[in-house]
Amino acid sequence: MGAFLPWYTFTAVILLVIHGGLCVDIIGGNEVVPHSRPFMAQIKGRRGIICGGALIKENWVLTAAHCKVKKSKVILGAHSSKKREKEQQALQIAKGISYPCYDPNTKENDIMLLQLRGRAKLNKAVQPIPLPTSDDDPKPGTVCTVAGWGKTMSHPAKVSTALMEVNVTVIRREICNDKNHYNGKPVITENMICAGAKNGGKDSCDGDSGGPLRCNNVMRGITSFGKKKCGEANGPGVYTRLTKHHLEWIRKTIGGA
């Protein structure tokens, strides 16, 4: 998953990699039915997909603050990462607004809102995802889903040409913080959700950052970061949890705009 700060070019695709080598893409997942996740957004630069995101209003997309969106655009209604599809809508980004307390070092509050130039035309392939009405913290053992167009293999790298999705299981923060996992580098806090598979093999990876984590069909988080080698048992993906403070900030920021 990746809280990626610097850029690296790999197999003709830009992959975001977090400082220190942490990463984000779909490992061990499956291709979804085309256009069945109408809230999914591609954030695309000149060389390819930078991050994912979720449409939350006709002119607003929610993504991760670490995503470098300058000179990028948002593609809605996409299934393919390569082909132009009749369902696709491309909108320019008017501005990116990071959460005021985002800390790139601790990875806390890795949330950003993108205001679009113009509004999306809502249809079967393009629909906003509802914001949660509560900030429930998914319990350990909860099965959640994450989707994206990122890498489908950690090594050797293989980038998806279609929207992929995988089920991941919420893991206790104490486990994610122990010496066999993140060892407090960074600390997995109550503002984060740690999720993966006990034996590895299911994860998000490079290119999936910013996409929504859904638990029981409710958006609960945003893909943030993971370890360099995606899908490892000792490096489950980490997602920014949508807390009460985050939700209040989102609603205040998008308001009636």
Side-chain angles (χ1 to χ4, degrees), residues 1-3 24-43 49 51-57 60-65 67 74 76-79 109-114 122 124-150 152 160 162-171 173 176 188 190-197 202-205 207-226 230-231 236-244 246-247 250-251 254:
M1 250 151 198
V24 191
D25 176 287
I26 300 302
I27 304 293
N30 296 291
E31 182 176 346
V32 305
V33 174
H35 314 293
S36 61
R37 307 292 184 268
F39 48 82
M40 288 295 297
Q42 296 176 353
I43 301 172
I49 295 174
C51 278
L55 183 70
I56 57 171
K57 198 173 182 179
W60 289 94
V61 166
L62 187 61
T63 188
C67 295
V74 168
L76 303 171
H79 179 67
N109 305 304
D110 190 10
I111 296 179
M112 177 165 56
L113 282 165
L114 302 180
L122 302 185
K124 187 176 180 180
V126 178
Q127 286 289 329
I129 188 171
L131 290 173
T133 56
S134 70
D135 68 343
D136 293 353
D137 189 3
K139 296 179 180 179
T142 301
V143 177
C144 304
T145 60
V146 61
W149 290 271
T152 56
S160 175
L163 181 61
M164 305 289 286
E165 186 174 76
V166 67
N167 289 339
V168 290
T169 303
V170 176
I171 300 168
R173 295 182 179 93
C176 283
I188 310 304
E190 291 185 357
N191 294 329
M192 303 175 186
I193 298 170
C194 189
K202 293 178 182 289
D203 199 2
S204 51
C205 194
D208 291 328
S209 286
L213 176 75
R214 296 183 300 137
C215 306
N216 297 316
N217 292 317
V218 177
M219 185 178 179
R220 293 295 179 197
I222 298 170
T223 303
S224 184
F225 67 90
C230 310
V238 182
Y239 304 79
T240 300
R241 183 168 76 88
L242 291 177
T243 66
K244 177 182 177 181
H246 295 144
L247 293 170
I250 292 169
R251 291 188 174 99
I254 68 176

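Excluded from the calculations below are hydrogen atoms, water molecules and symmetry mates; all remaining heavy atoms, backbone and side chain alike, are included. All values derive from a computational prediction rather than experimental measurement.
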Q: State the OG1-CE distance between Thr240 and Met112, to the nearest 0.5 angstrom.
A: 11.5 Å
Q: Taking side chain to side chain contact (heavy atoms under 4.5 Å, CB included) as the test, write out the residues that go with Asn216, two or more places apart.
A: Thr142
Q) Under the 3.5 angstrom rule, does the side chain of Thr223 hit a backbone N or O of Gly211 as a donor-acceptor pair? A) yes
Q | Rounded distance (nearest 0.5 Å) linking atom CD1 of Ile254 with atom CG of Leu62 | A | 9.0 Å
Q: Test side chain to side chain contact (heavy atoms under 4.5 Å, CB included) on Ile56 and Val61 and set out the steps.
A: CA-CA 6 Å; Ile56 57 171; Val61 166; over 6 Å; no
**Q.** Sub-4.5 Å side-chain heavy-atom contact between Val166 and Val146
**A.** yes
Q: Apply side chain to side chain contact (heavy atoms under 4.5 Å, CB included) to the pair Leu242 and Ile250, showing each step before the final yes or no.
A: CA-CA 10 Å; Leu242 291 177; Ile250 292 169; 4.3 Å; yes
Q: Apply side chain to side chain contact (heavy atoms under 4.5 Å, CB included) to the pair Leu213 and Arg241, showing each step before the final yes or no.
A: CA-CA 9 Å; Leu213 176 75; Arg241 183 168 76 88; over 6 Å; no
Q. Please walk me through it: do Thr63 and Ile222 pass side chain to side chain contact (heavy atoms under 4.5 Å, CB included)?
A. CA-CA 7 Å; Thr63 188; Ile222 298 170; 5.6 Å; no
Q: To the nearest 0.5 angstrom, please state how far the CD atom of Glu31 sits from the NE2 atom of His79.
A: 3.5 Å
Q | Over all atoms of both residues, closest heavy-atom pair of Ile171 and Gly196 | A | CD1-N, 3.8 Å
Q) What distance do Asn191 atom CG and Ser224 atom OG have between them, rounded to the nearest 0.5 Å? A) 11.0 Å
Q) How long is the span from the CD atom in Glu190 to the CG atom in Asp137, to the nearest 0.5 Å? A) 7.0 Å
Q) Where the side chain of Thr169 meets the backbone of Pro140, is there a donor-acceptor pair that is under 3.5 Å apart? A) no
Q) Quick one: does Ile43's side chain get under 4.5 Å of Leu114's, heavy atoms only? A) yes
**Q.** For the student: nearest non-hydrogen atoms of Ala54 and Ile129, plus distance
**A.** CB-CG2, 4.0 Å
Show me the donor-acceptor pairs within less than 3.5 Å that the side chains of residues 34-42 make with the rest of the protein, sequence neighbours left out.
residue: His35; atom: ND1; partner: Gly77; partner atom: O; Å: 3.2
residue: His35; atom: NE2; partner: Glu87; partner atom: OE1; Å: 3.4
residue: Ser36; atom: OG; partner: Val33; partner atom: O; Å: 2.6
residue: Arg37; atom: NE; partner: Glu165; partner atom: OE2; Å: 2.8
residue: Arg37; atom: NH2; partner: Glu165; partner atom: OE1; Å: 2.8
residue: Gln42; atom: NE2; partner: Ser80; partner atom: O; Å: 2.9

Q) Taking only residues two or more places apart in sequence or in another chain, which ones pass salt bridge (charged side-chain N to carboxylate O under 4.0 Å, His left out) with Asp135? A) none
Q) Do Cys144 and Val170 come within less than 4.5 Å of each other through their side chains, counting heavy atoms only? A) yes
Q) To the nearest 0.5 Å, what is the distance between OG (Ser209) and OH (Tyr239)? A) 9.5 Å
**Q.** Contacts of type side chain to side chain contact (heavy atoms under 4.5 Å, CB included), residue Ser134, not counting sequence neighbours
**A.** Asp136, Arg220
Q.
Using the side chain to side chain contact (heavy atoms under 4.5 Å, CB included) criterion, which residues pair with Val126? Sequence neighbours excluded.
A. Leu55, Leu76, Gln89, Ala120, Leu122, Asn123
Q.
Keeping His246 on the side-chain end and Asn109 on the backbone end, is there a donor-acceptor pair under 3.5 Å?
A. no
